[in-house]
Each structure stands twice: as structure tokens, then as C-alpha cells.
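The basis for the numbers below is simple: all heavy atoms, side chains too, and nothing from hydrogens, waters or symmetry mates. By convention here, the first residue in the shown sequence is residue 1.
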Amino acid sequence: MDDYPVKVGAMLFTMVDPHRGHEVAYNRWYERDHYYAGVMDGPHAIAGSRWVAPRALKDLRFPADSPFAEPLDAGSYLAIYWYLKGKVDAHTAWAGERVWWLYGNERGFAERTHAHTGIYTFESARYADDDGVPIELALDHGYKGLAVVVTEPGDGGSAEGPEAALLAADGIDTVASWTPRGGPADGGSPMALGTAGGSAERVVQLVFMETDPRERWDAVHDYAKAVEDAGAGRVTFAAPFLPTVVGTDTYVDELW
């Protein structure tokens, strides 16, 4: 059996900055409490992972002006979660109550600012290897790098050719595409959640890599140009991330 019933339906994408001087406290609170109590403890959350952009990676982001991150270097930490297909509403209903309960019981963290947070519907995944790591397992695989690429659709053309060229680059495994679904919880949020991210038609792509994203950043630049040249759209945000080293404070002193 090669087709299993566990399918990704949506993701929670949350990109956040700790306030200066609170980096260690934020990292530990998120990793040791909020990652679990805020998402993974809820129904039908099937996977999660955390990523970080030290200053050296933030400096690689493009283009200079982006509706997704304002300013462009906003968002040092990125958490991504998968929700089970067909069960997204059940999780968001739970999350809407849970976030208020956590803050009401002094388990929030005020010294942080959201750069962009939202729920995205899974649309498709393309793989370098037809028998590669399925998207359902991507957050547990242990990838060495991630690129987030946000595109506003164009008037014509197709991104299939540029995607194929990107996947041909050594070490790039998967390009997964997502579209906006709405806010992170039906019950709202006790904090501002950052930018709107662009138009409702934007596409967020997660590019999973078996290598440090700096080693393939030229391929991401080439991809963005090819998408625009094909008339398929315009990249409004491209950012590389590294996986956090779980259980440690690695990178907290490299954010700024």
C-alpha cells in the first residue's frame, strides 16, 4: 500500500520575533510550553517543526519591499504545523479557546511580535524524487534547510517549468504550495498577528532542502526570476531558514 489515509489538509504558519533581551526566555517558553500547549496538544495536529533565521540568513531575503514581512527582516523564528485533512475546523475551534485560556493562566509571552501568522490550505507538492519523502513526513524528516517563497499570481503562464528547474538543483527535495485559508483560530487572538501577507490569491511555497539553504540560494533567485519571466507571478517574499536545535539555545545570540 503506497497511499495512506493520513493526509495534510492545512498548515499553521507563524513567524515571530522575540523582543531584544528576551531571546532565550522566548525560545525556551515556545519550545518547552507553547509548541505543545498551543498547538500539538490539540485535536488533529499531526506534525510540527521550528525554524530560525539568524542575521546572516535574514540578509539573504528578497525583494526589498514585501507585504509578507514588514520590514523584510521581521520574523526570526518560524513554526510550522500540519493539520489533518478534513479536520482543520475541529483544531481551529479548539485553538480559539485554548489561546485565551493560556493567556488567562499566565502562560502567554508578551515580549514577542508576530511578523506573519495564518492558516494555509494545502494545494500540492512536487518532488525531486517520485519516491521521496511525502509531505506528511516532511516536518519529521530532519531537513537541513527551508526556503519560504511567496508569490502573487500573474496574468498567465505556468510555474511548472520553473518548479521543475528548482527541483533539479542538488539537495532540493520538495516544493509544497499553499493558499490562505484564514486566521489561526475562530476565537480570534489576544495579540496582533502581523501582516496580512498580500492578496488572498497569493501562494506560499515551502522548499525543503537536504542542505544549508545558503548553498542553494542562487537556485531560489533563479526560480523567482523564471516565475516572473514566465508570467506565472511575482515573488514578494523569499527567505531561508535553518532548523532549530531542539533543547538548546543555539542561534539565540545571532538573530540581530
Side-chain angles (χ1 to χ4, degrees), residues 1-16 18 26-52 75 77-110 112 114-125 133-143 146 148 174 176-197 200 202-206 208 241 243-244 246-247:
M1 177 179 178
D2 292 324
D3 189 26
Y4 300 92
V6 176
K7 302 292 185 184
V8 173
M11 74 166 168
L12 172 60
F13 178 108
T14 179
M15 193 167 66
V16 177
Y26 169 77
N27 183 57
R28 294 186 178 190
W29 164 81
Y30 198 98
E31 181 175 82
R32 303 178 187 192
D33 186 0
H34 199 63
Y35 177 88
Y36 298 101
V39 181
M40 294 303 294
D41 188 39
H44 311 299
I46 59 175
S49 63
R50 293 186 70 221
W51 306 80
V52 61
Y77 284 97
L78 170 63
I80 299 169
Y81 304 90
W82 292 167
Y83 296 152
L84 189 65
K85 185 177 181 179
K87 301 293 185 178
V88 180
D89 288 342
H91 184 93
T92 57
W94 170 88
E97 296 179 1
R98 174 56 68 93
V99 68
W100 289 102
W101 184 90
L102 289 170
Y103 270 74
N105 285 273
E106 299 183 351
R107 288 174 63 184
F109 195 93
R112 60 173 173 151
H114 284 246
H116 177 80
T117 293
I119 292 178
Y120 287 82
T121 298
F122 176 65
E123 299 293 344
S124 66
V133 178
I135 190 63
E136 284 75 18
L137 303 183
L139 301 186
D140 294 314
H141 176 66
Y143 282 109
L146 173 74
V148 176
T174 304
S177 300
W178 315 75
T179 54
R181 182 181 186 276
D186 293 340
S189 173
M191 74 214 79
L193 297 178
T195 68
R202 69 185 179 278
V203 176
V204 173
Q205 292 182 308
L206 303 182
F208 291 99
F241 290 88
T244 60
V246 177

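Of all non-hydrogen atoms in H116 and T195, the two that sit nearest each other are ND1-O, 3.0 Å. The nearest pair of heavy atoms linking A47 to D140 is CB-OD2, 4.0 Å. Here the closest heavy-atom approach between residue I46 and residue K7 is recorded as CD1-O, 4.4 Å. Closest of all the heavy-atom pairs between E136 and V6 is CG-O, 3.4 Å. Nearest heavy atoms, V148 versus L78: CG2-CD2, 3.9 Å. Considering all non-hydrogen atoms of both residues, A10 and I119 come closest at CB-CG2, 4.2 Å.
Between Y30 and H34, the ring planes lie perpendicular to each other; the angle is over 60°, past the 30° to 60° tilted range.
Between Y120 and R202, the side chains place a donor N or O and an acceptor N or O closer than 3.5 Å (distance only, hydrogens not considered). Counting only N and O atoms by type, the side chains of T92 and W94 include no donor and acceptor under 3.5 Å apart.
Taking CE from M15 and OG1 from T117, the interatomic distance works out to 8.0 Å, rounded to the nearest 0.5 Å.
Between P243 and Y143, the closest side-chain pair of non-hydrogen atoms is not below 4.5 Å. Looking at L146 and L206, their side chains come closer than 4.5 Å, going by heavy atoms from C-beta outward. Contact of the E123 side chain with the T121 side chain is registered, since non-hydrogen atoms from C-beta on lie closer than 4.5 Å. Using a 4.5 Å cut-off on side-chain heavy atoms (C-beta onward), M11 and V204 make contact. Contact check for V99 versus P190: side-chain heavy atoms found under the 4.5 Å cut-off.
When atom types are taken as modelled, the side chain of S189 and the backbone of M191 share a donor-acceptor pair closer than 3.5 angstrom.
By the side-chain hydrogen bond (donor to acceptor under 3.5 Å, both in side chains) test, R32 pairs with no residue at all, sequence neighbours left out. Not counting sequence neighbours, the partners of D33 by the salt bridge (Lys or Arg N to Asp or Glu O under 4.0 Å) test are R107. For V16, the side-chain contact (heavy atoms from CB on, under 4.5 Å) test picks out T14, Y26, R112, H114, with sequence neighbours left out. The salt bridge (Lys or Arg N to Asp or Glu O under 4.0 Å) search around K87 returns none, not counting sequence neighbours. For the ring pair (Phe, Tyr, Trp, His ring centres under 6.0 Å) test, residues two or more places apart in sequence or in another chain that qualify with W178 are W82, F122.
Paired with F109 under the rule ring pair (Phe, Tyr, Trp, His ring centres under 6.0 Å), one option of Y77, W29, Y103 passes, and it is W29.
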Residues 35-45, side-chain donor-acceptor partners within the protein, below 3.5 Å, at least two apart:
residue, atom, partner, partner atom, Å
Y35, OH, G48, O, 2.9
D41, OD2, R98, NH1, 3.2
D41, OD2, R98, NH2, 3.1

Run the side-chain hydrogen bond (donor to acceptor under 3.5 Å, both in side chains) test on S177 and Q205 for me, step by step, so that the C-alpha distance in whole Å, both residues' side-chain angles and the decisive distance to 0.1 Å come before the verdict. CA-CA 4 Å; S177 300; Q205 292 182 308; 3.1 Å; yes
Please determine whether side chain to side chain contact (heavy atoms under 4.5 Å, CB included) holds for the pair L12 and I80, giving the CA-CA distance in whole Å, both sets of side-chain angles, and the decisive distance to 0.1 Å. CA-CA 6 Å; L12 172 60; I80 299 169; over 6 Å; no
